[in-house]
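Heads up, the thing below is written out as structure tokens.
We name chains A, B, ... by the order of the sequence lines, and we start the count at 1 in each one.
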Amino acid sequence: MAYWLMKSEPDAFSLDDLCSRPDGTEPWDGVRNYQARNMMRDNMKRGDKVFFYHSSCPVPGIAGIAAVVKEGYPDHSAQNPESKYYDPKASPENPRWFMVDVKFERKFPRLIPLSELKAEPSLAEMILLKKGNRLSIMPVQENEWRQILSMV
DNA sequence: GCCAACGTTGGC
DNA sequence: GCCAACGTTGGC
């Protein structure tokens, strides 16, 4: 089992939104970055755990945990001209973009702010904290996962 | 709203 | 294949 971190803007889709979905499940559509796509298409497996990160908000940070419940499949929003995620280069033969389904697992009693993650020496190697990183989906090491859980 | 950092596009 | 221009991300 692997660990991941997925970013979402809470104004658009928050951990609470995920929790209130039927079955607590949501397709992670709209990712239009090849590195992130490849992770969803090739690497994220059913049962993997995900930190749900809130970005572009007053206090960015980790809000809780979700799990991968459906492995990579075509992101059909890319083929829907009505969708804001429409990509004219996507087709049934070449879907181009992929997504996974994630399911709500747990909301932390408090959000773990980015500032605390930055201040924790043992997290110095986290991809999230690397200068210039813009990935919206990234792997998390097991020791990083455990460290962050201890900060909840 | 600013801006650093990075990704993508497209002319050549 | 190079690289300048442009677009996006996301913290601050």
Side-chain angles (χ1 to χ4, degrees), chain A residues 2-21 26-44 48-68 71-102 104-141 143-152:
Chain A
Y3 300 102
W4 306 92
L5 181 145
M6 297 172 99
K7 294 179 185 173
S8 186
E9 299 186 14
D11 285 349
F13 190 76
S14 69
L15 183 60
D16 286 337
D17 291 330
L18 181 65
C19 183
S20 62
R21 283 289 191 269
E26 180 78 359
W28 205 263
D29 64 359
V31 172
R32 297 293 177 265
N33 168 280
Y34 287 107
Q35 266 185 278
R37 177 204 68 178
N38 292 349
M39 284 186 267
M40 290 201 288
R41 188 189 59 189
D42 305 331
N43 304 122
M44 298 181 78
D48 285 358
K49 304 291 188 190
V50 177
F51 279 140
F52 196 111
Y53 180 89
H54 284 173
S55 66
S56 296
C57 55
V59 183
I62 298 172
I65 296 175
V68 177
E71 297 176 9
Y73 64 108
D75 179 348
H76 34 65
S77 70
Q79 297 174 48
N80 175 8
E82 304 299 309
S83 170
K84 60 180 169 178
Y85 302 127
Y86 179 59
D87 179 349
K89 291 180 180 165
S91 66
E93 299 74 34
N94 177 16
R96 195 149 126 129
W97 302 112
F98 287 75
M99 59 187 178
V100 299
D101 286 359
V102 298
F104 176 86
E105 211 153 82
R106 147 150 111 111
K107 181 182 180 179
F108 294 153
R110 70 180 191 108
L111 179 130
I112 313 301
L114 177 61
S115 58
E116 283 188 35
L117 302 177
K118 283 181 173 173
E120 173 52 51
S122 62
L123 296 178
E125 296 305 311
M126 259 196 108
I127 295 172
L128 178 72
L129 306 181
K130 292 289 184 185
K131 183 179 165 189
N133 166 62
R134 286 175 12 185
L135 277 176
S136 65
I137 300 175
M138 67 195 82
V140 173
Q141 301 304 313
N143 66 309
E144 297 165 348
W145 182 273
R146 281 201 306 262
Q147 170 62 36
I148 291 167
L149 282 186
S150 77
M151 297 163 69
V152 171

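A salt bridge between Glu71(A) and Arg41(A) is absent, with no side-chain N of the basic residue lying under 4.0 Å from a carboxylate O of the acidic one.
Listed pair Lys131(A) / dA4(B) fails the phosphate criterion, with no side-chain N or O lying under 4.0 Å from OP1 or OP2. Using a 4.0 Å cut-off, some side-chain N or O of Lys7(A) falls inside it from OP1 or OP2 of dG10(C).
One N or O on the side chain of Arg37(A) and one on the backbone of Arg96(A) form a donor-acceptor pair closer than 3.5 Å.
Proximity note for Arg134(A) (side chain, C-beta onward) versus dG7(C), dT9(B), dG10(C): the nearest is dG7(C). Nearest to the side-chain atoms of Ser56(A) among the listed nucleotides dG11(C), dG7(B), dT8(B) stands dG11(C). In the set dT9(B), dG11(C), dG10(C), dG11(C) carries the atom at the smallest distance from any side-chain atom of Tyr53(A). Candidate nucleotides dG7(B), dG11(C), dG10(C) were compared by shortest atom distance to the side chain of Pro60(A), and dG11(C) ranks first.
When the C1' atom of dG10(C) is taken as reference, atom CD of Glu9(A) falls 8 Å away, rounded to whole Å. Computed from coordinates, the Asn33(A) CG to dG7(C) P distance equals 18 Å when rounded to whole Å. If you measure from atom CG of Asp11(A) to atom P of dG10(C), you get 14 Å, rounded to the nearest angstrom. Atom P of nucleotide dG7(B) and atom OH of Tyr34(A) are separated by 13 Å, given to the nearest angstrom. Distance, Asn133(A) CG to dA4(B) P: 18 Å, rounded to whole Å. Atom NZ of Lys130(A) is separated from atom C1' of dC6(B) by 16 Å (rounded to the nearest Å). Per the geometry, CG belonging to Asp87(A) stands 13 Å off P belonging to dT8(C), to the nearest Å. Spacing between atom CD of Gln35(A) and atom P of dC6(B) amounts to 11 Å, rounded to whole angstrom units.
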### Check against side chain to side chain contact (heavy atoms under 4.5 Å, CB included), Arg32(A) and Ser77(A)
CA-CA 11 Å; Arg32(A) 297 293 177 265; Ser77(A) 70; 3.1 Å; yes

### Query
Yes or no on side chain to side chain contact (heavy atoms under 4.5 Å, CB included) for Asn43(A) and Asp48(A), after CA distance, side-chain angles and deciding distance?
CA-CA 10 Å; Asn43(A) 304 122; Asp48(A) 285 358; over 6 Å; no

#### Entry: From CA spacing to verdict: ring pair (Phe, Tyr, Trp, His ring centres under 6.0 Å), Trp97(A), Tyr34(A)
CA-CA 8 Å; Trp97(A) 302 112; Tyr34(A) 287 107; 4.7 Å; yes

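With a 4.5 Å cut-off on side-chain heavy atoms, Asp17(A) and Glu26(A) do not count as touching.
Looking at heavy-atom distances under 4.0 Å, Leu135(A) makes contact with sugar-phosphate atoms alone, never a base.
Put simply, the residue from Phe52(A), Phe98(A), Tyr73(A) that forms a ring-ring contact (aromatic ring centres under 6.0 Å, His included) with Trp28(A) is Phe52(A).
Proximity of residues 111-125 of chain A to DNA chain C (heavy atom under 4.0 angstrom from any strand atom) is restricted to Leu114(A), Lys118(A).
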